[in-house]
Chemist: 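Take a look at this one; I'll ask things after.
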Amino acid sequence: MMNYDFQKIEAKWQKYWAENETFKASNDSDKPKFYALSMFPYPSGAGLHVGHPLGYIATDIYSRYKRHKGFNVLHPMGYDSFGLPAEQYAIQTGQHPAITTEKNINRYREQLDQLGFSFDWSREVRTSNPQYYKWTQWIFIQLFNAWYNKKSDKAENISSLISIFEKEGNANVEATCDDDTPSFSAADWNAFSEKEKQEILLKYRLTYLADTEVNWCPALGTVLANDEIVNGVSERGGHPVVRKKMTQWSMRITAYAQRLLDGLDKIDWPQPLKDSQTNWIGRSVGASVTFNVLDAERNRSDEDVISTSLNHLDQIEVFTTRPDTIFGVSFMTLAPEHELVAKITTPEQKAEVEAYVEATAKRSERDRMADVKTISGVFTGAYAEHPFTKEPIPIWIGDYVLASYGTGAVMAVPCGDQRDYDFAKHYNIAIPNIFEGVDISQEAFADKETTVIANSDFLNGLSYKDAMKKIIVELEKIGHGEGKVNYRLRDAVFSRQRYWGEPFPVYYVDGMPQMIDLEHLPLQLPEVEKYLPTETGEPPLGNATEWAWDTDKNEVVSNDLIDHKTVFPLELNTMPGWAGSSQYFNRYMDPRNDDAIFSPEAINYWQDVDLYIGGSEHATGHLLYSRFWQKFMFDMGYVPKDEFAQKLINQGMITGTSAFVYRVAQRPDVFVSKDVFDKHEDLETFKRIQAFTGVSVANLSFDAIRVDVDFVNSSDELDVIKFRNWQPEFKHAKFIEEDGLVKVFREIEKMSKSKYNVVNPDAICEEYGADSLRLYEMFLGPLEQSKPWNTAGITGVHSFLKKLWKLYTNGSLSGVEAEPTAENLKTLHKTIKKVEEDIENFSFNTSVSTFMICVNELTSQKCTSKAVLEPLAILVSPYAPHIAEELWERLGNIGSIAEAPFPKFEEKFLVESSKEYPISFNGKMRFKLELPLDMSKDDIEAAVLAHEKTKEQLQGRDPKKVIVVPGKIVNIVG
RNA sequence: GCCUUGGUGGCGGAACUGGUAGACGCGCUGGAUUCAAAAUCCAGUUCCUUCGGGAGUGAGGGUUCGAUUCCCUCCCAAGGUACCA
């Protein structure tokens with residue numbers, strides 16, 4: 001008998017698959033198609049850790065399963081290779097990001113290869129590859145050349161808009177456009193200069209330039225994400241951050257808000273993910289209401305009025321979901337960033353308002369949303385006029401109102417909204433009650449169902465629903481508002497002040513953006529000396545000396561040649577991380593095509609992704625933007641489906657088990673074993689620590705110091721020699737031990753290099769093999785849930801593979817071959833049934849248990865039948881493909897097992913004639929009784945009641961009730 | 001704060017539409033084999049127990065003949081919250 005030599009077997013089959021292109025997918029096949037996709041990784045410098053392959057293994061199992069089921073399977077892989085870490089590294093070391101990226105990709109590829117995935121590597125894509133980003137630039141141009149026609153409810157080419165403008169101006173155009181788009185007639189349009197026309201069109205294009213508020217860090221010369229800001233300063237370096245407006249490219253995703261919402265009903269995605277997207281889009285129905293701002297002069301005192309100012313031009317627009325409560329308004333609150341704040345604030349309030357605005361600029365939006373306990377705000381001194389009562393309403397500013405949501409202003413109705421209520425209470429503002437029969441002395445009343453409006457003029461006595469209808473009519477009548485559907489979704493900012501991203505195919509003529517023609521793409525990233533922003537605060541591309549567009553030669557030329565006649569400056573921003581990932585799934589269908597993003601044949605054959613597996617953290621980023629671009633591509637007729645992935649599964653995170661050792665705070669060279677620490681309050685131990693350290697009773701305290709998990713064994717014992725050699729500060733570490741050992745304590749955290757808890761797959765593959773790792777990753781628990789990694793447990797699945805190997809080498813392969821017994825077949829078919837159900841339900845963990853049970857049973861049955869072992873090899877093959885291939889071959893088959901048809905389950909082998917009934921008393925199982933399955937309910941009851949153990953349980957009591965569920969259970973109440 | 005997910009032995013987890021709680025594996029204990037170790041095999045392993053039995057799925061309550069599963073309240077942990085990927 002030969003041993004299970006996994007290293008040899010795995011290397012052999014990986015080579016075989018590569019040489020025979022076993023998993024190369026054809027774009028032309030009679031078989032039904034199946035497109036299985038894993039989210040492609042960002043190739044980080046740290047390499048893959050055991051958490052990364054989890055989803056890939058799941059997708060791989062499903063792909064292989066579908067291949068056994070007769071499908072033509074597309075299962076590609078690539079790299080999302082633009083990104084910040086490579087750029088940071090470049091800033092620190094001066095190494096070109098392309099070089100480090102290439103290196104990281106090669107490392108990833110090695111690691112992926114050794115796991116035995118069935119990827120079609122001939123279709124690999126890299127988002128940072130110019131042949132790839134040519135098409136990212138192309139999509140950008142398509143978006144630039146499109147507008148959203150609300151009448152046809154789809155995106156159209158900008159030319160259709162121009163022809164409308166030429167004929168009738170924009171009065172009848174219903175489009176998603178900027179708020180400040182002016183009205184004009186055909187005559188106006190035709191009289192506009194070319195630049196004016198371009199300016200107008202920019203307000204309609206699906207990608208456009210706009211001033212957007214960002215977190216600007218002057219010291220770093222860059223914009224920061226909310227999570228890069230801690231307590232108002234940059235996480236890196238602790239520099240001040242301010243909110244500031246910047247001109248940036250934006251994507252008009254808001255045009256698609258409703259369709260993105262509606263589309264969720266058509267796709268089989270996890271409900272939590274759909275909920276995230278639904279909340280993100282945030283549809284709410286209500287009304288937009290405008291309030292006139294009373295003239296500041298008149299506000300103060302009538303005598304001071306200099307001019308009878310008709311200066312009512314300042315208006316505050318609010319969006320409210322409760323316009324029915326408009327007579328309950330007792331103040332208004334503006335976001336501190338609101339553009340009117342500076343204008344309307346009275347001189348008396350100026351200092352206070354400015355201080356508040358400044359303080360708010362330092363707080364992050366998330367902070368402001370999360371903090372509901374602190375109520376803060378400042379009165380501006382100005383008043384607005386109630387559109388119906390004409391009463392003056394004080395205007396406040398408060399940081400609970402966010403500039404980015406709605407209009408950045410709210411009409412505060414304290415009796416109907418808890419936040420307004422708390423604010424009013426805090427600042428002693430009136431809380432008029434406009435609800436019939438409701439006590440608002442303690443809290444606001446927000447229940448729409450039972451609302452009856454009072455003290456509200458023409459709304460009195462109406463329900464919420466009726467009042468809503470009425471008020472909207474009245475608002476429209478007086479020209480102070482209208483019914484409106486509002487979305488929380490904002491247009492997506494598409495510019496990044498970074499180097500390592502796609503350059504925009506854009507140059508500027510007279511300040512207006514111009515697109516470079518497709519035939520001249522890709523516009524390649526220029527070389528720069530430094531990857532930092534320029535001294536004048538321009539993005540890193542501002543460092544490039546060759547970054548101008550020659551419209552005669554159609555090529556990039558030196559900046560010195562810019563003459564604004566034929567040579568123009570190029571855009572300095574780059575595209576964000578999500579640009580390259582928003583259509584990559586379609587590019588895989590035809591990745592080497594240089595003439596088109598994909599051929600019509602390819603897209604028509606593959607259509608869309610059947611199964612997409614990836615992390616839930618992409619819920620509102622990648623997955624929303626991709627859906628948006630897909631819908632756009634659909635509108636333009638490039639793709640046949642307006643949703644790109646039919647089914648999506650989120651794999652859970654594999655968490656790491658970090659290790660910590662206690663250190664005496666006053667003696668940084670002294671470390672304490674966990675079991676010593678645990679009893680450090682006992683007098684004896686305390687004295688021991690004191691004697692060792694010389695630290696007095698009052699001062700003694702401990703820090704937790706992170707330790708690399710590589711220095712700790714499975715019994716939590718620290719290798720002190722490795723620890724001392726780890727970092728200079730630990731060189732002379734002393735330990736207070738227990739039984740000669742230093743123990744660490746553990747904590748479950750996200751797996752990350754900075755937490756020193758990363759486990760790499762390489763060493764595991766070396767020691768146990770890829771098949772063991774694949775099985776173990778699945779065996780850990782349900783795919784969707786997060787679960788902690790513990791390498792020690794892998795011995796279980798590894799010895800299962802050894803048992804599997806033994807079953808074949810002791811059986812069929814040893815020449816002793818037998819007809820299958822009824823028992824053999826029962827075990828086999830039970831396994832087929834369960835495994836098939838499990839794969840269909842993505843319950844891969846329970847399949848592994850099922851295999852274990854199957855092999856245990858067949859081993860004890862001493863099964864040697866090829867008729868059983870052959871189908872079993874196919875069942876195992878999606879999970880542990882290398883060993884399955886080897887066994888398949890040794891059973892006498894030629895070629896790969898990959899295309900072998902999946903075994904067919906047959907019920908007839910599982911038919912039973914009796915059942916061991918659990919007999920329970922008041923719901924608790926007390927004993928078991930074997931009874932025929934065809935026994936009638938009454939006979940079962942009689943048989944159970946006659947049983948001596950029943951009498952024992954009842955102890956003379958009469959049963960009150962006997963529940964018999966045939967084939968399931970008997971329950972006796974009494 | 002808000003949205004989402006989860007909480008079952010020492011650990012990872014299983015339990016189909018409410019029907020035997022703890023499958024399978026790790027770890028641990030004992031034994032076999034061995035000069036010894038590794039490997040392998042066998043038995044045991046939720047807790048308490050007066051060895052009859054009793055309790056038990058984050059806590060408390062409810063519905064039910066019967067609840068890990070359904071409902072209500074609460075506690076704890078993780079993920080997301082618009083420029084990390």
Side-chain angles (χ1 to χ4, degrees), chain A residues 3 39 41-42 44 80 82-85 88 214-215 222-228 235 248 270-273 275-276 278-280 365-373 400 404 419 488-490 492-498 576-578 581 615-622 624 650 652-653 655 657 714-715 748-750 776 779-782 784-790 792-797 799-800 802-803 806 834 837 841 843 845-846 848-853 856 916-928 952 959-963 965 967-974:
Chain A
N3 282 327
M39 288 183 187
Y42 173 78
S44 80
D80 187 13
F82 272 133
L84 214 44
Q88 292 295 356
V214 294
N215 300 313
T222 190
V223 174
L224 298 177
N226 278 338
D227 62 41
E228 290 175 299
E235 195 181 22
Q248 308 204 60
Q271 194 54 44
L273 197 156
D275 291 347
S276 287
T278 304
N279 293 335
W280 191 265
E365 281 202 358
R366 195 181 304 171
D367 206 33
R368 285 162 61 179
M369 281 187 283
D371 186 7
V372 293
K373 283 179 197 128
Y400 75 101
S404 55
R419 276 174 316 177
R488 199 178 76 103
L489 184 72
R490 313 200 286 253
V493 180
F494 200 67
S495 297
R496 298 291 183 271
Q497 296 69 47
R498 303 258 152 76
W578 55 270
S581 59
S616 60
E617 64 275 21
H618 299 286
T620 49
H622 163 58
L624 194 66
N650 290 131
M653 198 177 32
T655 47
T657 324
S714 54
S715 310
I748 306 284
E749 294 180 298
K750 201 167 177 166
Y776 188 52
F779 188 60
L780 278 180
E784 298 94 327
Q785 271 169 38
S786 82
K787 51 241 159 194
W789 180 265
N790 176 13
I794 200 171
T795 53
V797 292
S799 59
F800 156 73
K802 283 197 268 190
K803 281 183 207 163
K806 225 189 231 169
K834 176 80 173 129
E837 279 170 9
N841 294 320
S843 174
N845 54 326
T846 49
V848 181
S849 307
T850 306
F851 289 137
M852 289 173 172
I853 294 166
N856 288 346
E916 195 179 35
Y917 278 90
I919 312 301
S920 47
F921 292 79
N922 300 318
K924 288 232 172 263
M925 200 278 290
R926 295 304 175 197
F927 67 93
K928 289 175 189 169
E952 210 174 277
K960 286 198 195 99
K961 205 172 177 184
V962 179
I963 285 117
V965 185
K968 284 254 160 108
I969 200 173
V970 178
N971 189 23
I972 298 163
V973 188

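Heavy atoms only: backbone and side chains are in, while hydrogens, waters and symmetry mates are out. Naming: A, B, ... by sequence-line order, numbering from 1 per chain.
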Chemist: Of all the heavy-atom pairs spanning Tyr917(A) and Gly967(A), show the shortest one and how long it is.
Modeler: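 So the minimum-distance heavy-atom pair works out to OH-N, 2.6 Å.
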Chemist: Could you state the atom-to-atom distance from NZ of Lys802(A) to C1' of rU40(B) in whole Å?
Modeler: 9 Å
Chemist: Does some side-chain heavy atom of Leu489(A) sit less than 4.5 Å from a side-chain heavy atom of Leu624(A)?
Modeler: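 Counting from C-beta outward, Leu624(A) and Leu489(A) do come under 4.5 Å.
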Chemist: Between Ser799(A) and Arg488(A), who's closer to the 5' end of RNA chain B by nearest nucleotide?
Modeler: Ser799(A)
Chemist: Can you build the contact string for nucleotides 61-71 of chain B? Use B for base contact, S for sugar-phosphate-only contact, and - for no protein heavy atom under 4.0 Å.
Modeler: ----BS-----
Chemist: Using the C1' atom as the point on both nucleotides, what is the distance between rG6(B) and rC84(B), in whole Å?
Modeler: 25 Å
Chemist: NZ of Lys968(A) versus C1' of rG18(B): gap in Å, rounded?
Modeler: 9 Å
Chemist: Are the side chains of Asn971(A) and Val962(A) in touch, meaning some heavy atoms are under 4.5 Å apart?
Modeler: no
Chemist: At 4.0 Å (heavy atoms only), tell me whether Ser495(A) reaches a base, stays on the sugar-phosphate, or touches nothing.
Modeler: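 If one applies the 4.0 Å heavy-atom cut-off, Ser495(A) turns out to touch a base.
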Chemist: Could you give the CZ-to-P distance, from Arg926(A) to rG19(B), as a whole number of Å?
Modeler: 19 Å
Chemist: Might you point out which heavy atoms bring Asn650(A) and Pro270(A) nearest each other, and give the distance in Å?
Modeler: OD1-CG, 3.5 Å
Chemist: If we only count heavy atoms from C-beta on, is the Trp280(A) to Arg488(A) side-chain gap below 4.5 Å?
Modeler: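 Yes. Closest side-chain heavy atoms under 4.5 Å.
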Chemist: In whole angstrom, give me the gap between the C1' atoms of rU57(B) and rA23(B).
Modeler: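 Looking at atom C1' only, rU57(B) and rA23(B) are 15 Å apart.
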Chemist: Distance check, rounded to the nearest 0.5 Å: Gln785(A) atom CD versus Leu780(A) atom CG?
Modeler: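 Rounded to the nearest 0.5 Å, the CD-CG separation comes out at 11.5 Å.
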Chemist: Ignoring backbone atoms, establish whether Asn856(A) has a side-chain N or O less than 4.0 Å from OP1 or OP2 of rG25(B).
Modeler: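 For rG25(B), OP1/OP2 do have a side-chain N/O of Asn856(A) under 4.0 Å.
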Chemist: Considering every strand and a 4.0 Å limit on heavy-atom distances, what is the contact class for Ser276(A): base, sugar-phosphate, or nothing?
Modeler: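 Since no nucleic acid heavy atom lies under 4.0 Å of Ser276(A), the category is nothing.
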Chemist: Looking at every heavy atom in both Leu84(A) and Arg498(A), which two are closest together, and how far apart are they?
Modeler: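 Smallest interatomic distance, heavy atoms only, reads CD1-CD, 3.1 Å.
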Chemist: With the 90 degree cut-off around zero defining syn, does rG13(B) come out syn or anti?
Modeler: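 rG13(B): anti glycosidic orientation.
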Chemist: Give Trp789(A) one of three labels, base, sugar-phosphate or nothing, depending on what nucleic acid heavy atoms sit under 4.0 Å from its own.
Modeler: nothing
Chemist: With no angle test and no hydrogens, is the base of rC84(B) tied to the side chain of Gln88(A) by a donor-acceptor pair under 3.5 Å?
Modeler: no
Chemist: If we take the P atom in both rC28(B) and rA38(B), what is their distance in whole Å?
Modeler: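 Result for the P pair: 12 Å, nearest Å.
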Chemist: Take atom C1' in rG61(B) and the same atom in rA14(B), then report the distance between them in whole Å.
Modeler: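 Pairwise C1' distance, rG61(B) against rA14(B), rounds to 28 Å.
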Chemist: Can you tell me which nucleotide in rC26(B), rA23(B), rA82(B) comes closest to the side chain of Ser849(A)?
Modeler: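 For Ser849(A), the side-chain atoms sit closest to rA23(B).
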Chemist: So, for Pro918(A) and Ile969(A), which heavy atoms are closest and what is the spacing to 0.1 Å?
Modeler: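 Scanning both residues, the minimum pair turns out to be O-CG1, 3.5 Å.
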Chemist: Trp280(A) or Ile969(A): which one's nearest nucleotide on RNA chain B is closer to the 5' end?
Modeler: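 Result of the comparison: Ile969(A).
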Chemist: For the residue pair Gly781(A) and Lys787(A), what are the closest heavy atoms and their distance?
Modeler: O-NZ, 3.8 Å
Chemist: In whole angstrom, give me the gap between the C1' atoms of rG52(B) and rC65(B).
Modeler: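 One C1' to the other, the span is 26 Å.
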Chemist: Output the single nucleotide from rC24(B), rG12(B), rA14(B) whose closest atom is nearest the side chain of Thr846(A).
Modeler: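 From the listed options, rA14(B) comes nearest.
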Chemist: Considering every strand and a 4.0 Å limit on heavy-atom distances, what is the contact class for Asn845(A): base, sugar-phosphate, or nothing?
Modeler: sugar-phosphate
Chemist: Fit a plane to each ring of Tyr776(A) and Trp789(A), take the angle between them on a 0 to 90° scale, and name the class: parallel (under 30°), tilted (30 to 60°) or perpendicular (over 60°).
Modeler: perpendicular
Chemist: Using whole Å, what does the distance between atom P of nucleotide rG7(B) and atom CD of Glu784(A) come to?
Modeler: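 Interatomic distance, CD of Glu784(A) to P of rG7(B): 13 Å.
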Chemist: At 4.0 Å (heavy atoms only), tell me whether Pro782(A) reaches a base, stays on the sugar-phosphate, or touches nothing.
Modeler: sugar-phosphate
Chemist: Name the orientation of the base relative to the sugar in rG52(B): syn if the glycosidic angle is within 90° of 0, else anti.
Modeler: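 Syn conformation for rG52(B).
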Chemist: Whole Å only: how far is the CZ atom of Arg498(A) from the P atom of rA85(B)?
Modeler: 7 Å
Chemist: Please report the closest heavy-atom contact between Gly577(A) and Asp80(A), naming both atoms and the distance.
Modeler: O-OD1, 4.1 Å
Chemist: Dot-bracket notation for RNA chain B is requested: 5' to 3', Watson-Crick or G-U wobble pairs only, both distances under 3.5 Å, with ( ), [ ], | and . as defined.
Modeler: (((((((..(((......[....)))((((((.......))))))(((....)))..(((((..]....))))))))))))....
Chemist: Measuring only the C1' atom in each nucleotide, how far is rC70(B) from rC83(B)? A whole number of Å is fine.
Modeler: 44 Å
Chemist: Specify the separation, in whole Å, of atom CG of Leu489(A) and atom C1' of rU81(B).
Modeler: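 So the two atoms are 14 Å apart, to the nearest Å.
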Chemist: rG22(B) and rU5(B): how far apart are their P atoms, nearest whole angstrom?
Modeler: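 Looking at atom P only, rG22(B) and rU5(B) are 28 Å apart.
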Chemist: In whole angstrom, give the distance that lies between atom NZ of Lys787(A) and atom C1' of rA78(B).
Modeler: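 These atoms are roughly 14 Å apart.
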Chemist: Between rG80(B), rG19(B), rU5(B), spot the one nearest the side chain of Val965(A), thanks.
Modeler: rG19(B)
Chemist: From CZ of Phe800(A) over to C1' of rG12(B), roughly how many Å is that when rounded to an integer?
Modeler: 18 Å
Chemist: Give one of base, sugar-phosphate or nothing for Lys803(A), where a contact means two heavy atoms less than 4.0 Å apart.
Modeler: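 Answer is sugar-phosphate: Lys803(A) comes under 4.0 Å of backbone atoms only.
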Chemist: Which nucleotide wins on minimum distance to the side chain of Met925(A), given the candidates rU20(B), rA85(B), rC26(B)?
Modeler: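 Of rU20(B), rA85(B), rC26(B), rU20(B) is nearest to the side chain of Met925(A).
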Chemist: Given the C1' atoms of rG7(B) and rG13(B), what is the spacing between them in whole Å?
Modeler: 13 Å
Chemist: Which is true for Phe779(A) with a 4.0 Å heavy-atom rule: it touches a base, it touches only sugar-phosphate, or it touches nothing?
Modeler: base
Chemist: Taking C-beta and beyond as the side chain, do Ser849(A) and Phe779(A) meet within less than 4.5 Å on heavy atoms?
Modeler: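 When only atoms from C-beta onward are counted, Phe779(A) and Ser849(A) do touch, with a gap below 4.5 Å.
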